[in-house]
Protein chains: 2
Amino acid sequence: MRASDRAYRALREEILDGVLAPGAALAEVEQANRLGVSRTPVREALARLEADGLATAASPRVLQVSELSAASITALYELREALEEQAARLAAMRREPERFAGLRSRLQLSPGQLASGDEGGLRDYYETVDALDAELDAAVANPLLIGALRNARLHSARVRRLARQHPERLRAAASEHLLIVEAIIAGDASLAAHATHVHLHMSLRHALASIEARQPDGHRVA
Amino acid sequence: MRASDRAYRALREEILDGVLAPGAALAEVEQANRLGVSRTPVREALARLEADGLATAASPRVLQVSELSAASITALYELREALEEQAARLAAMRREPERFAGLRSRLQLSPGQLASGDEGGLRDYYETVDALDAELDAAVANPLLIGALRNARLHSARVRRLARQHPERLRAAASEHLLIVEAIIAGDASLAAHATHVHLHMSLRHALASIEARQPDGHRVA
DNA sequence: TCTTCCCGTTATGTATACACTACGTCGGGT
DNA sequence: ACCCGACGTAGTGTATACATAACGGGAAGA
């Protein structure tokens with residue numbers, strides 16, 4: 001694999017996991033030494049991170065890990081609302097129910113798996129959600145929309161790892177996802193979009209409450 | 001200005017204008033020689049173009065100007081629908097009518113200016129549309145959404161320059177824009193979104209008809 | 001004659017040297 | 001004591017040399 005890809009993935013993973021905290025400086029030489037590659041691939045990786053919105057140019061000379069505030073999370077959900085409702089709507093309109101049949105079965109089992117409380121059930125649920133994303137991408141068959149969705153998912157992953165997920169929330173999310181999938185299978189574009197809206201609304205409420213509980217002072221997270 | 005920025009803008013402009021036709025190869029050394037800079041800034045420019053979706057990696061070694069087919073134009077409008085309806089909705093919800101008052105006046109004058117048939121009126125209309133975009137950005141105040149919108153506008157500009165604009169279509173577009181602005185000023189988020197949907201629908205119909213008329217064989221444009 | 005393998009060419013991928021600019025700091029002046 | 005300016009430093013911006021891998025052509029074998 002190319003060194004620039006490795007550098008990009010390494011830095012991205014560290015940003016998503018919070019190892020590189022919001023506001024942390026991303027200097028070329030420093031990261032090059034740390035990652036064991038030269039400045040050239042690091043430079044490319046940093047440019048990609050900036051394009052992703054995971055890094056922000058604070059000044060002409062300093063690049064920082066993007067902040068993650070309640071405001072930016074709300075902004076993310078405004079974008080997700082636009083993109084994911086459209087994706088659900090289009091997926092329903094494409095009329096490929098067989099593509100989502102397996103997901104329906106998996107999502108029907110999810111509440112039970114999550115109730116068991118073991119780690120495996122949780123990992124399995126996340127895999128199911130990833131599979132749903134993949135099937136949505138395949139169904140909408142729209143490179144531009146998929147690209148925008150992928151970028152939004154990047155930020156979503158960052159929020160997800162910041163906001164601890166309670167089992168009850170995950171079970172609710174699974175049933176919300178199930179409704180979306182059933183609407184798509186039924187070819188009901190309107191319901192698919194509205195169910196997505198509901199899901200995002202609940203998810204945002206939970207995320208904001210979760211980080212509020214963790215950081216009563218909003219500025220600490222800012 | 002940085003050489004990488006100049007290279008990026010030069011290449012982007014050439015792609016949007018069709019000087020670099022869809023499918024044209026974008027080789028580092030060739031473009032570096034042509035633009036009079038070294039490979040390094042060209043490399044950065046090409047990476048940005050690929051991130052924008054204006055260039056596509058056909059194989060691990062060759063980067064090409066992205067194709068512009070009826071399918072990709074339809075896909076672009078599916079994305080614009082998602083983003084611009086949301087932007088209009090949010091702009092209406094932000095309740096900053098004074099921000100759009102000037103635009104309303106300008107759009108009310110546009111049909112007359114476009115009717116006069118001179119070049120100045122047309123250029124003035126495009127400036128008004130750009131100003132509308134800028135005010136929308138300022139009103140939604142959402143960096144992620146703005147980023148996605150900017151990218152969509154890039155592709156829109158490419159389509160616009162491909163599809164010749166008839167004066168009658170431009171006058172209709174101006175009145176569609178006026179309705180959107182009035183809805184935003186009135187704080188009617190639903191109307192703003194629906195008016196945007198209508199505008200995009202009409203715009204897509206015109207764009208597809210226009211390129212169909214120019215290239216009866218759909219594959220020529222592909 | 002077609003297919004396949006090998007080699008040369010040419011492109012990209014990476015490292016590094018050099019140039020330049022922005023920022024901080026120190027000194028002098030007011 | 002505060003402010004302004006100049007200098008040094010550190011980091012990015014660019015160019016280029018080298019490494020590497022993919023693609024095409026040609027030759028040999030089936």
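Just so we're on the same page: letters track the sequence lines, and every chain starts at 1. Just so it is clear, the model here is predicted, and its values are computed rather than measured.
- The side-chain hydrogen bond (donor to acceptor under 3.5 Å, both in side chains) test applied to B/Glu176 returns B/Arg169, B/His199, not counting sequence neighbours.
- Chain B approaches DNA chain D over the interval D/dG13 to D/dC23, counting the first and last nucleotide 5' to 3' with an atom under 4.0 Å from its heavy atoms.
- Under the side chain to side chain contact (heavy atoms under 4.5 Å, CB included) criterion, B/Ala58 pairs with B/Val62, B/Gln64, not counting sequence neighbours.
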Walk me through it: do A/Glu212 and A/Leu208 pass the test side chain to side chain contact (heavy atoms under 4.5 Å, CB included)?
-> CA-CA 6 Å; A/Glu212 184 66 21; A/Leu208 289 180; over 6 Å; no
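- Under the salt bridge (charged side-chain N to carboxylate O under 4.0 Å, His left out) criterion, B/Glu78 pairs with A/Arg94, not counting sequence neighbours.
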Show me the donor-acceptor pairs within less than 3.5 Å that the side chains of residues 45-56 of chain B make with the rest of the protein, sequence neighbours left out.
residue, atom, partner, partner atom, Å
B/Arg48, NH1, B/Asp5, OD1, 3.1
B/Asp52, OD2, B/Tyr8, OH, 2.4
B/Thr56, OG1, B/Ser66, OG, 2.7

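- In this structure B/Glu28 satisfies the salt bridge (charged side-chain N to carboxylate O under 4.0 Å, His left out) test together with B/Arg39, B/Arg43, sequence neighbours excluded.
- In terms of the side chain to side chain contact (heavy atoms under 4.5 Å, CB included) criterion, residue partners of A/His201 (sequence neighbours excluded) are, by chain and number, A/Arg205.
- Overall bending of the helix from C/dT1-D/dA30 to C/dT30-D/dA1, expressed as the angle between end axes built from five pairs apiece, is 10° (10° steps).
- B/Gln165 contributes a side-chain N or O that, together with a main-chain N or O of B/Ala163, makes up a donor-acceptor pair within less than 3.5 Å.
- Applying the ring pair (Phe, Tyr, Trp, His ring centres under 6.0 Å) criterion to B/His166, with sequence neighbours excluded, gives B/His206.
- A heavy atom lying under 4.0 Å from DNA chain D marks the following residues of residues 31-47 of chain A, by number: A/Arg39, A/Arg43.
- Summarising the geometry, the separation between CZ on A/Arg6 and P on C/dG13 is reported as 14 Å, rounded to the nearest angstrom.
- Non-hydrogen atoms lying under 4.0 Å from DNA chain D are contributed by B/Ser59, B/Arg61, all within residues 49-64 of chain B.
- Within the 3.5 Å criterion, the main-chain N or O of A/Asp133 finds no donor-acceptor partner in the side chain of A/Glu135.
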Acceptor/donor pairs from residues 11-22 of chain B side chains to any protein atom, 3.5 angstrom cut, sequence neighbours excluded:
residue, atom, partner, partner atom, Å
B/Glu13, OE2, B/Arg161, NH1, 3.4
B/Glu14, OE1, B/Arg34, NH1, 3.4
B/Glu14, OE1, B/Arg34, NH2, 2.7
B/Glu14, OE2, B/Arg34, NH1, 3.2
B/Asp17, OD1, B/Arg161, NH1, 2.3

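- Taking the ring axis of A/Tyr126 as reference, the NZ or CZ atom of A/Arg123 does not stay both within 45° of it and closer than 6.0 Å to the ring centre.
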